[in-house]
Amino acid sequence: MEGLVRFFEHSGFVNATPGHLLMILVGLIFIYLAIRYEYKPLLLVPIGFGILIGNTPFAEHAGLHLGIYEEGSVMNYLYMGVLKGIFPPLIFLGIGAMTDFSPLISNPKLMLLGAAAQLGIFLTYIGALSLGFTNPEAASIGIIGGADGPTAIFLSSKLAPHLIGPIAIAAYSYMALVPLIQPPIMRLLTTKKERRIKMKPPRSVSKFEKILFPVVALLLTGFIAPGSLPLLGMLFLGNLLKESMVTKRLADTAKNAMIDMVTIILGLTIGASTQATTFLTQESLRIFILGATAFMISTAGGVLFAKLMNLFLSPENRVNPLIGAAGVSAVPDSALVVQIEGLKADPDNHLIMHAMAPNVAGVIGSAVAAGIMLSFLL
Amino acid sequence: MTAFVQILPVDLSVIGREHIGLAVIGYSVVFLSLFLLFLVFTIIPKFLTRNLRKKFQKEGGEEKTAFAGNMIQGEVSAAIATAISLYLEELHDEETAILTIKKVGKSYSPWNSKIYNVINFNRFQR
C-alpha cells in the first residue's frame, strides 16, 4: 500500500502546477506551428517536444534523476553539450558545408549590410542594462538581435548559462516568426519605388575565389575577434570542405548526418531546459520583449543602411533596400522574406540571390559580434 | 501601467560610459571586419583578372571582348543551370521506368517449401 502511495506521489497528476500546464501548451503550439505552417520545423519540432519532456511534472526532489537540471540524469548529460558550448560550433560546421558564399564574393559591398544589421545586438545590450540585467546577461540577451540561434546559445553558455533556456527559445521563436516580424518594418521604411529597384545579376565566381574566401575570412575575422574562432573556425572549415571538392565525403557528413544529429539533441535539450519551475519568471518575459526589440532594430538597421548606401552608388549599381533586412542571419528565411516582398512590389524582380549575400554576411557579423562581447566581458 | 513598469523597470542611470563604449566599439569592429573582407574581395578579382588582361593584350586580341567572354554573366549561368536541371530530370524519367518493373524472382519462405509439402508426408513416416 505504501508503495502504491509513493507511486501516486511521484506521478505527474500530483506534481503538476499551472506553470507546467502552460509550458506544455507552449510546446504543443510550437509543434503545431512547425507541422501545420512549416515554421522552422527542423527546430520547432525537437524544441516543442523537448518542452513537453521538460515540463512533464514529476517529484523533482525525490532523487529520480530525471530532470535536465538534476546532476546524473540522461538529459543533464545531453545538456552539457549546450552548457559547455559544444553544439553551436558543430552546427556552424554543417552550416559552412551548406553555405554558398558566391553571391557575397560576386558583390562584396553587400557584406556591409550584414554588418549594419547587427545594430540590434548593441542597442538591445544597452536596453537590457537599463532593465537591470548585469553586463554579461545584457550581452547574451542582445545577441538575440543577430537572429542566430547557435551564436546566441554559444555566447550565453559562456556569459550567462542560467539564461540559456529563455534566450535560446526567444532566438529560435523569432527566427521562426521572421515572415511575420520583418515585412511590416521593411514596408514602413521603404517606398514602393525603392522596393522596385532591380539589381544587376551577380557575376560568376571562380573556384579559386571560393576556396580563398573561407581561408582569408577566417584569418581576417579571427585576428580581429579571436573570441569568434570556435564559431567562425568551424563555419569556414565546413565551407572549405565543400568548396575544395576533394573532401566531398566529409562535407556530406557535416551538412547531413552530423548537423541533423546535433540539431535533434540541441533542440530537445533547449526545449527541456524550459522546465516551468525555472523558466516562468519575469526575467524570461523581459528577455522575450528585448529579443523582439533586438530583432526589429536589426531589420531596420539593415534596411536603413541599404538606403544610405544608395546615396553613394551610381544608378546602375543601386541596391534594393529590401535586401538590407536579410542582414540578420536567419538563413535562409529572411532572404525568402525579401524575395516575397520584392515580388509583391514587382512580380519580375527576383531578389533572392542578392538577399543571400547580406544573409550569409550576417552569420559572419553576428559571430564576430559574439566574439567581441566575449573578449570584453569574459 | 503599473504592471508594465513592474515588468520593464527602466533605469537609464545604470548605463555608464563603459557600456556605451562597448556598444560603439563593438559595432564599429563588426563593421571593420566586414569592411576589410569587402576590400579584400573587391581587390582580389581585379588582381586575378590582371594576368588575363595582360595575356590577351600580348596575344593582340581585342581585350574587352575576350575579357568579357571570360566573365560569365548571371543569365548565362542561369541558362546553363536550367539546361543541366532539365537534363537531370530526363534522366529521372528513365530511372522511374526501371523502378516500376515488377520483381519476378520468388523469395524463399518455409511456408511454400516443397520439402514440407503434404505429398512428402509418407516419406517421412517411412
Side-chain angles (χ1 to χ4, degrees), chain A residues 101 104-116 118-119 121-127 129-132 135 138-139 142 200-206 208-209 212-213 216-217 220-225 228 282 285-286 289-290 301 353 361 364-366 368-369 371-373 375-377, chain B residues 2-53 67-84:
Chain A
F101 284 106
L104 195 61
I105 302 168
S106 69
N107 198 353
K109 65 174 178 284
L110 300 182
M111 283 181 200
L112 300 177
L113 293 176
Q118 309 311 317
L119 181 68
I121 293 178
F122 297 98
L123 286 185
T124 308
Y125 159 72
I126 300 287
L129 284 171
S130 72
L131 287 181
N135 224 354
K200 268 203 314 198
R203 69 170 174 86
S204 62
V205 174
S206 67
F208 180 71
E209 284 172 284
L212 202 64
F213 183 80
V216 172
L220 250 171
T221 51
F223 270 75
I224 293 172
S228 61
Q282 274 199 3
L285 190 61
R286 277 183 217 143
I289 294 169
L290 284 165
M353 276 300 282
I364 302 172
S366 57
V368 171
I372 295 161
M373 296 287 204
S375 320
F376 267 90
L377 300 171
Chain B
T2 326
F4 183 76
V5 173
Q6 209 179 350
I7 295 166
L8 298 171
V10 182
D11 180 11
L12 293 173
S13 64
V14 294
I15 298 163
R17 281 168 115 187
E18 70 276 12
H19 302 127
I20 304 278
L22 191 155
V24 173
I25 295 170
Y27 194 43
S28 313
V29 174
V30 172
F31 248 102
L32 175 75
S33 39
L34 283 162
F35 181 74
L36 286 176
L37 258 181
F38 153 69
L39 273 188
V40 171
F41 280 89
T42 310
I43 295 163
I44 283 177
K46 285 177 187 161
F47 185 75
L48 288 175
T49 50
R50 201 181 62 172
N51 291 339
L52 280 172
R53 274 206 193 101
F67 185 65
N70 187 48
M71 302 296 280
I72 303 165
Q73 283 300 307
E75 288 98 335
V76 181
S77 308
I80 295 169
T82 315
I84 293 171

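Here is how names work: the chains are called A, B, and so on, in the same order as the sequence lines, proteins then strands, and each is numbered from 1. Since this is a predicted model, take the numbers as computed values, not measurements.
- Residue A:Leu112 touches chain B through both its backbone and its side chain, counting heavy-atom pairs closer than 4.5 Å.
- Evaluation of the side-chain hydrogen bond (donor to acceptor under 3.5 Å, both in side chains) rule for A:Ser206 yields A:Glu209 as partners, not counting sequence neighbours.
- Looking at A:Phe223, neither its backbone nor its side chain comes within 4.5 Å of chain B, counting heavy atoms on both sides.
- Proximity to chain A is limited to the side chain of B:Ile25, based on heavy atoms less than 4.5 angstrom apart.
- Rounded to the nearest 0.5 Å, atoms CG (A:Leu129) and CG (B:Leu12) are 10.5 Å apart.
- Residue contact with chain B, scored on non-hydrogen atoms closer than 4.5 Å, involves the backbone and the side chain of A:Leu131 alike.
- Pairing each heavy atom of A:Met111 with each of B:Phe38, the nearest pair is SD-N, 3.5 Å.
- Atom CG in B:Leu34 sits 8.0 Å away from atom CG in A:Leu104 (nearest 0.5 Å).
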Between A:Leu123 and B:Tyr27, does the side-chain contact (heavy atoms from CB on, under 4.5 Å) criterion hold? Intermediate values first, please.
CA-CA 10 Å; A:Leu123 286 185; B:Tyr27 194 43; over 6 Å; no
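- Ring planes of A:Tyr125 and B:His19: perpendicular class, angle over 60° (limits at 30 and 60°).
- The most heavy-atom pairs under 4.5 Å with chain A, out of B:Val29, B:Leu32, B:Leu39, come from B:Val29.
- Of the two parts of B:Val30, the backbone and the side chain both hold a non-hydrogen atom closer than 4.5 Å to a non-hydrogen atom of chain A.
- Between chain B and the residues A:Asn107, A:Leu212, A:Leu110, A:Thr221, the largest count of heavy-atom pairs under 4.5 Å involves A:Leu212.
- Only the side chain of A:Asn135 comes within less than 4.5 Å of a heavy atom of chain B; its backbone N, CA, C and O stay farther away.
- The shortest non-hydrogen separation linking B:Val14 to A:Ser130 is CG2-CA, 4.0 Å.
- In this structure, B:Phe31 and A:Ala115 approach most closely via the heavy-atom pair CA-CB, 3.9 Å.
- When all heavy atoms are compared, the tightest approach of A:Ile372 to B:Gly26 is CD1-O, 3.4 Å.
- In this structure, CZ in A:Phe213 is found 10.0 Å from CD1 in B:Ile44, a value given to the nearest 0.5 Å.
- Heavy atoms of A:Leu119 lying under 4.5 Å from chain B belong to its backbone as well as its side chain.
- Looking only at side-chain heavy atoms (C-beta outward), A:Met373 and B:Leu22 come within less than 4.5 Å of each other.
- Looking at A:Ala138, neither its backbone nor its side chain comes within 4.5 Å of chain B, counting heavy atoms on both sides.
- Heavy atoms closer than 4.5 Å to chain A are found in the side chain of B:Val40, but not in its backbone.
- Of the atoms belonging to B:Leu37, heavy atoms from both backbone and side chain fall under 4.5 Å from chain A.
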